[in-house]
Amino acid sequence: MDLVYLSFILILSIFLGFELIQKVPATLHTPLMSGANAISGITLVGALIGAGGQGSTLTVVLGTMAVAFATINVVGGYLVTDRMLAMFKKKTTEK
Amino acid sequence: MDLVYLSFILILSIFLGFELIQKVPATLHTPLMSGANAISGITLVGALIGAGGQGSTLTVVLGTMAVAFATINVVGGYLVTDRMLAMFKKKTTEK
Amino acid sequence: MSTTMLINLSYTVAAVLFIFGLKYLGSPATARRGNAISALGMLLAVVVTLLDQAIIDYRWILLGVLIGTAVGAFAARLVAMTAMPEMVALFNGFGGIASLMVGWVALAQPRLSSFILLTIFLSILIGGVTFTGSLVAWGKLSEKLPGRPILFHGQRLVNGALLLANFACGAMFVLHPEQHLWLYLAVALSSILGVMTVIPIGGADMPVIISLLNSYSGLAACAAGFAINNNILIVAGSLVGASGIILTNIMCKAMNRTLGNVLFSGFGAVDEAGGKIEGEVTALSAEDAYYVLEAAQSVVVIPGYGMAVAQAQHVVKELQQILEKNGCEVIYAIHPVAGRMPGHMNVLLAEADVPYDLLLEMDDINPRMEAFDVAIVIGANDVVNPAARETPGSPIYGMPIINADYARTVFVLKRSMASGFAGLDNPLFYRKNARMIFGDAKETLGRLVREFSN
Amino acid sequence: MSTTMLINLSYTVAAVLFIFGLKYLGSPATARRGNAISALGMLLAVVVTLLDQAIIDYRWILLGVLIGTAVGAFAARLVAMTAMPEMVALFNGFGGIASLMVGWVALAQPRLSSFILLTIFLSILIGGVTFTGSLVAWGKLSEKLPGRPILFHGQRLVNGALLLANFACGAMFVLHPEQHLWLYLAVALSSILGVMTVIPIGGADMPVIISLLNSYSGLAACAAGFAINNNILIVAGSLVGASGIILTNIMCKAMNRTLGNVLFSGFGAVDEAGGKIEGEVTALSAEDAYYVLEAAQSVVVIPGYGMAVAQAQHVVKELQQILEKNGCEVIYAIHPVAGRMPGHMNVLLAEADVPYDLLLEMDDINPRMEAFDVAIVIGANDVVNPAARETPGSPIYGMPIINADYARTVFVLKRSMASGFAGLDNPLFYRKNARMIFGDAKETLGRLVREFSN
Ligand SMILES: NC(=O)c1ccc[n+]([C@@H]2O[C@H](COP(=O)([O-])OP(=O)(O)OC[C@H]3O[C@@H](n4cnc5c(N)ncnc54)[C@H](OP(=O)(O)O)[C@@H]3O)[C@@H](O)[C@H]2O)c1
Ligand SMILES: NC(=O)c1ccc[n+]([C@@H]2O[C@H](COP(=O)([O-])OP(=O)(O)OC[C@H]3O[C@@H](n4cnc5c(N)ncnc54)[C@H](OP(=O)(O)O)[C@@H]3O)[C@@H](O)[C@H]2O)c1
């Protein structure tokens, strides 16, 4: 049954992803790319269990490396996106 | 765990529903209303198990009634929507 | 692959079909296919469910399906396009009672956790309210019940108490599922609640209620889905729930009211509609109107509820064709809540074979309104009321309207000076460029058409 | 409530935060908040995961997180806005290898069904391809590797064989999980596959590849989610997968090429670009251009890749302000694939504090182009090439462009008559109303600004 639920979740998320992303205007495509990239670092959640579990040395080493790599992706991705978006400004006081 | 999966599915579907429906133009709101209404007859799927199961007489009677009611909703809903939509025509040969 | 697996994977496919169905419903060119795809999803879901090992006897199912199909197909074939709202209400109610019964049947399951009991109660509650509420809405719309709001002293108090009683009953039901009293009480209380919430609402507000009840029936299916642990009920139910809420919201916004106001206020027709209107009303005969139309280069038709009442859509289309032959450009301007259902005008005009690309939405037409020689307002009133734009005190102030008054000449086809749905005077009728052509819209239009053929 | 329950319900909340984050990313006014909401979702997901009872030792986690945070924060702080594509590529690769490792670690789980083994293999395959592919893309973009397509005889054959080998290895891996050989082989083969698929692609096509690889990294996370039975990985991974595919598609459409063409053709710079172009090229000095601009009432600026190369965005903004002070209306026309990333120009101009409501999209500006006195094309070439509109034989025929040639006068700021990304001659330069102002865009603009201040 798990498989059934997971495939439901998969399919719904894919459709939802398409609907959401299609609405993003061209202006924001670069930040979208880097923001989505940051989200793909979610694999960090999976890595945590490997790095902190009571597995073999290999498991822990792999897990720790995975944590490090995924964290770079997450932290770097969100920060760089934020830096980009901070620059987007609307015309306000100027006129 | 079932509950967890089901709430994931619930939440994703609700969001997906909002995204999908928001795109439907005003022109189609009446057919949308009756088409969505037909979909709500999905409860028929639940009713089948009651009507065909080895439950008490009460269960079977309730189930059968539920099947009948839900089928009206489904069949009537889809047919009436189709009838409406069949009328929507684009300007083609006229010009 | 086990049967359960097969069933559930087919449910996934059915969910995808529903999603694509709704996607295709988003454009008139594909909407019909969308509906068929959604129906296919339903068929798939139903057929694979029959493979379920819990189903051992198909006779009762067959009986139910046969009755349901016969009634549903018959009703769908016979209903007049103008009776669409009450038909939807009735179907919707049937969906609600089916969910109630599915919840009830789910009580026979072996292991019942509190959570499952809660969802069973919810499907009974929401299903019951949907059922009786929809029946009342149907009665009001088809004039089997009085359309006016039924109000009495202390009504809110009674309804509040009723809601509380429902919740209390729910709590007892979850705690003592073995005592059938609570089950019966839940069914009774939810049915009463449905009636009580809808009777204080005026007939004209019914579309909002139907849309809301439509959303409820989706939620009832969702709750039943949790109760019997069925994904497809949850997915399809949520899609319907979302759809109903969005449509309700659109209608409320277009009427410039809140949902709370619709539900609880019995729509007080506002008499203090700020200030007397200046100007004079000029009436015109159909014959004189003919000369104006004959010379017009461009005409915009603005239909409203009166067109539906008069069943004038076919003759509107005739007039359009005659004008076009005469070298005049004709388009239609459709307000999102003209009529009594969202998209009401579109369905009627589609019935009369008016191509949908001639139908423009409010935002597309308003900037071009000055360019039209004649605006023909056919049984519309509130949706062209300039008070919404100009009179801050008016109850509809702020509601977006079609600016018919900006056209060079405005013909208003209605039977009298009576007000429309919102019960408000319309300053448009008093404008210098406005001409009232009194009479039933169908007749007036018929006369115009005859003038052209002479 | 058990810990697993708590964790999973928090995952639901995290999913909602991701969804809202992406929703808010849809408008410049809310995009930054959207990113923060999405980050919050990530934080929540990570923090609650730490409560998992399977985690008994936090030291290694801490180490990994510290290293990752330091490197990530450092890199994000230091990267130049123009180096954004390669930075995204690198981060993306890291996400890929992390998914590969998560898949690998998942092998240590007690019960491994064939399905789980399959998903483990998929996370290794997709993760590995993402990792090495992204590294190559990064190398090409940062010019650490040669940017030109690396092609050799029988390349497709080799790649086809490699793909087959991967699948065969996957089959063996699922059938014999106890033999570590297949695991190692899977890691090796997927890494090689990533390299081999990206090297034949030219440096300029890298943005498409990066977007595609971004989609892959989402799918890798998804596969890992199936492997360790984790919802949030599946939800977030699919969202990313969808995003990458949509962006890839947008880029391909705007370049008028298919994804297959991008992946497999090493972009043959088309020499047979139908017919010689008629007309003469008129050069202009910055000084003479000044007089024209001085008199202009309305100017549209069309930036392209050359503006990014010249880092001219700040001086563009200066010129804009001077022109505005001079009583001239200035707006920007942004082509969706101007530059080398979708939305590249928007980011650069945002960096120079140009308000985003001055930036118009192609479809909004084209109908108004005739009304502009001067169009200043700054280092753009393909996106204003009228051959796309007029020359059916041209490889970019049919690609939507900004109709700069319809403005009264067109200034083209570039260094030479060299072609742009697509390697095509541009008839615009030979038009009667076009004036070439040769030189580095930043310098030319600087000179114009100085002329004004004198
Ligand atoms: N569409 C929706 O979803 C929806 C939902 C709920 C509420 N509403 C509300 O409904 C209203 C719709 O506005 P509307 O302008 O379409 O309609 P309206 O304001 O209700 O006005 C309709 C007009 O049609 C005239 N009429 C009735 N029968 C006629 C006939 N046989 N021949 C000619 N004229 C006839 C009536 O005047 P006479 O009696 O003088 O002929 C009346 O003034 C709005 O207030 C809206 O908020 C709409
Ligand atoms: N944005 C994306 O997502 C994306 C992705 C993939 C591919 N592409 C492709 O990239 C192209 C983008 O078109 P585009 O018009 O922006 O650029 P382009 O066609 O590549 O042309 C850029 C022009 O800028 C000039 N230039 C370079 N450095 C300069 C400097 N320092 N000062 C002044 N001019 C300079 C170059 O001419 P000189 O050498 O004579 O100066 C060149 O002709 C399209 O073909 C598109 O399909 C875009």
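Quick caveat, the model's predicted, so the values are computed rather than measured. Chain A is the first sequence line, chain B the second, and so forth, proteins listed ahead of strands; every chain is numbered from 1. We use all heavy atoms of the structure for the numbers below, so side chains are in, but hydrogens, waters and symmetry mates are not.
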Heavy-atom distances under 4.5 Å only: say whether [X] touches chain A with side chain, backbone, both or neither.
X	value
Pro85(D)	neither
Ile228(D)	side chain
Ile245(D)	side chain
Arg59(D)	neither
Glu361(D)	side chain
Ala108(D)	side chain
Asn92(D)	both
Ile56(D)	both
Phe115(D)	side chain
Phe74(D)	neither
Leu78(D)	backbone

Is the closest side-chain donor-acceptor distance between Thr43(A) and Ser99(D) under 3.5 Å?
->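 Distance-only check passes for Thr43(A) and Ser99(D).
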Side-chain H-bond candidate by donor/acceptor type, Thr27(A) with Tyr356(D), under 3.5 Å = no
Ignoring hydrogens and angles, write down the donor-acceptor pairs under 3.5 Å from the side chains of residues 19-27 of chain D, residues two or more places apart or on other chains.
unit_1   : atom_1 : unit_2   : atom_2 : d
Lys23(D) : NZ     : Glu19(B) : OE2    : 2.3
Ser27(D) : OG     : Ala29(D) : N      : 3.2

Find out whether [X] and [Y] are in side-chain contact, i.e. whether some heavy atom of one side chain is under 4.5 Å from a heavy atom of the other.
X	Y	result
Thr64(A)	Ile61(D)	no
Met101(D)	Met65(A)	yes
Met84(A)	Asn35(D)	no
Gln54(A)	Asp57(D)	no
Met84(D)	Ser34(A)	no
Ile67(D)	Thr71(A)	no
Val74(A)	Phe91(D)	no
Phe226(D)	Leu10(A)	yes

So, for [X] and [Y], which heavy atoms are closest and what is the spacing to 0.1 Å?
X	Y	answer
Val105(D)	Gly63(A)	CG2-N, 4.1 Å
Gly218(D)	Ser40(A)	N-CB, 4.2 Å
Asn214(D)	Asn37(A)	OD1-CA, 3.6 Å

Once you round to the nearest 0.5 Å, how far does CD1 of Ile42(A) lie from OG of Ser38(D)?
-> 9.0 Å
Pairs of heavy atoms under 4.5 Å with chain A: top-ranked of [options]:
options	result
Leu107(D), Val235(D), Ile116(D)	Val235(D)
Phe18(D), Tyr11(D), Tyr58(D)	Phe18(D)
Thr69(D), Ile250(D), Ile334(D)	Thr69(D)

